[in-house]
Trainee: 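Here it is: the structure, laid out below.
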Amino acid sequence: MLIGFCARLTTWLAVHVTTPVDNSTAALRVADIVVKRDGVLIIDRISLEVESDQRWVILGANGSGKTTLMRIMAMYDHPMSGTVEVLGQRLGQTDVRELRRNIGYASAALAAQLRQDIVAHDVVRTARHAALEPWWHRYDDADDARADECLDTMHVGHLSDRRFGTLSSGEQQRVLLARTLMNDPAVVLLDEPSARLDLGGREELVATLAGLAQNTDAPPFVMVTHHVDEIPPGVTHLAMIRDGQLMTAGPIDDTLTAPALSECFGLDLHLDRRADGRYAAWAPR
Ligand SMILES: Nc1ncnc2c1ncn2[C@@H]1O[C@H](COP(=O)(O)OP(=O)(O)OP(=O)(O)O)[C@@H](O)[C@H]1O
């Protein structure tokens with residue numbers, strides 16, 4: 001069943017998630033961004049560039065600034081200084097609502113912004129306009145059909161009419177992932193996509209993202225996680241963040257090492273890469 005699901009989703013992604021990206025333009029570029037909240041420095045001069053053929057994972061301990069960085073890349077927040085470009089268009093110089101339509105973004109922070117009694121169908125459908133409520137835009141039958149298709153793809157089509165706040169954590173996560181697919185995104189940003197999923201759900205997700213990572217027609221993605229065993233095979237690049245600063249960034253084969261991981265999480269860690277491309281990390285006794 002897992003293999004069938006993943007094969008269907010990979011096929012779906014190949015057909016629908018193929019927004020052409022200008023290969024000469026980085027899909028995402030942040031340069032020297034600084035973020036302070038209530039006088040506290042959260043992001044300290046981070047620069048990162050994601051090319052259209054790259055698939056990134058961002059690792060970092062709790063509170064290191066990953067979600068803040070993702071919200072800025074998704075254009076839901078502005079940095080105090082520095083520049084943010086998505087698909088060659090700079091934040092502050094172009095209509096952010098139009099730009100956001102090209103970005104598939106899923107996060108707990110976004111989920112927290114959703115009204116508890118919005119139905120699952122509308123959570124997905126409103127991604128058409130990068131909105132959180134259905135009231136401000138018109139939707140046609142094709143939008144409804146696409147939203148249903150995305151929900152079916154994530155195996156939650158039967159929950160289409162359920163209020164978001166009544167769904168289990170895992171069901172909510174699947175609805176949010178369906179939302180990222182709604183708009184044929186040119187870039188996908190996933191902030192801890194496996195959070196709250198059970199083991200089966202997490203493994204399905206890893207397989208799904210591995211399919212996306214290995215599909216050369218698919219858009220680039222950036223995924224935040226705390227756990228190396230959730231890194232999908234096919235991910236090409238890795239960034240580690242510590243205390244709001246970029247510790248390391250580059251090809252995953254060069255950057256994901258036991259010493260770097262130990263420094264990132266502040267304890268001595270062993271790292272193993274399995275033959276199937278999955279990783280495991282643990283602290284020796
Ligand atoms: N309004 C605020 N005032 C002060 N500090 C804040 C504010 N908002 C966020 N922070 C702090 O910024 C830091 C980075 O938060 P962020 O959510 O980006 O971290 P994270 O790496 O995603 O963490 P986690 O892995 O726990 O989700 C945290 O220490 C958080 O407490």
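Bear in mind the structure is a predicted one, so any value in this text is a computation, not a measurement. When a ligand or atom number is given, it counts from 1 through the structure's own listing order.
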Trainee: With heavy-atom distances below 4.0 Å as the criterion, list the atoms of ligand 1 near Thr67.
Mentor: 17 (O), 18 (O), 20 (P), 22 (O)
Trainee: Taking 4.0 angstrom as the limit, do Glu149 and Arg146 come out as a salt bridge?
Mentor: yes
Trainee: What protein heavy atom sits nearest atom 27 (O) of ligand 1, and how far off is it?
Mentor: Glu192 OE2, 3.6 Å
Trainee: Which option wins on minimum heavy-atom distance to atom 11 (C) of ligand 1: Leu41, Asp38, Ile42?
Mentor: Ile42
Trainee: Under the salt bridge (charged side-chain N to carboxylate O under 4.0 Å, His left out) rule, collect the residues that match up with Asp122, sequence neighbours excluded.
Mentor: Arg125
Trainee: Does Ala61 reach ligand 1, in the sense of a heavy atom lying below 4.0 Å from it?
Mentor: yes
Trainee: Is the terminal nitrogen or CZ of Arg115 (NZ for Lys, CZ for Arg) located under 6.0 angstrom from the six-membered ring centre of Phe164 and within 45° of that ring's axis?
Mentor: no
Trainee: More than 12 heavy atoms of other residues, nucleotides or ligands under 6.0 Å from CG of Asp95: yes or no?
Mentor: yes
Trainee: Look at atom 26 (O) of ligand 1 and find which of Asn62, Val35, Leu59 reaches it with the closest heavy atom.
Mentor: Asn62
Trainee: Just checking Arg162: does its CZ atom have more than 12 heavy atoms from other residues, nucleotides or ligands closer to it than 6.0 angstrom?
Mentor: yes
Trainee: Would you check, one step at a time, whether the test side-chain contact (heavy atoms from CB on, under 4.5 Å) holds for Leu59 with Leu256?
Mentor: CA-CA 10 Å; Leu59 283 176; Leu256 186 49; 4.1 Å; yes
Trainee: Any atom of ligand 1 sitting under 4.0 Å from a heavy atom of Gly60?
Mentor: no
Trainee: Looking at atom 18 (O) of ligand 1, is any protein heavy atom nearer than 4.0 Å to it?
Mentor: yes
Trainee: Would you call Arg71 a ligand 1 contact, heavy-atom distance under 4.0 Å?
Mentor: no
Trainee: Hey, are Arg274 and Asp276 close enough for a salt bridge, meaning a charged N less than 4.0 Å from a carboxylate O?
Mentor: yes
Trainee: His137 vs His129 aromatic rings, parallel, tilted or perpendicular, using cut-offs 30° and 60°?
Mentor: parallel
Trainee: Determine whether a donor-acceptor pair (N or O, by modelled atom type, separation under 3.5 Å) exists between the side chain of Ser47 and the backbone of Asp32.
Mentor: yes
Trainee: Which of the listed options, Thr68, Ile72, Asp77, holds the heavy atom that is closest to atom 15 (O) of ligand 1?
Mentor: Thr68
Trainee: To the nearest 0.1 Å, how far is atom 23 (O) of ligand 1 from its closest protein heavy atom, and which atom is that?
Mentor: Gly63 N, 2.8 Å
Trainee: Mark the output for His226 as yes if a heavy-atom distance to ligand 1 is under 4.0 Å, and as no if none is.
Mentor: yes
Trainee: What protein heavy atom is closest to atom 8 (N) of ligand 1, reported as residue, atom name and distance in Å?
Mentor: Arg37 CG, 4.0 Å
Trainee: Do you see a protein non-hydrogen atom under 4.0 Å from atom 30 (C) of ligand 1?
Mentor: no
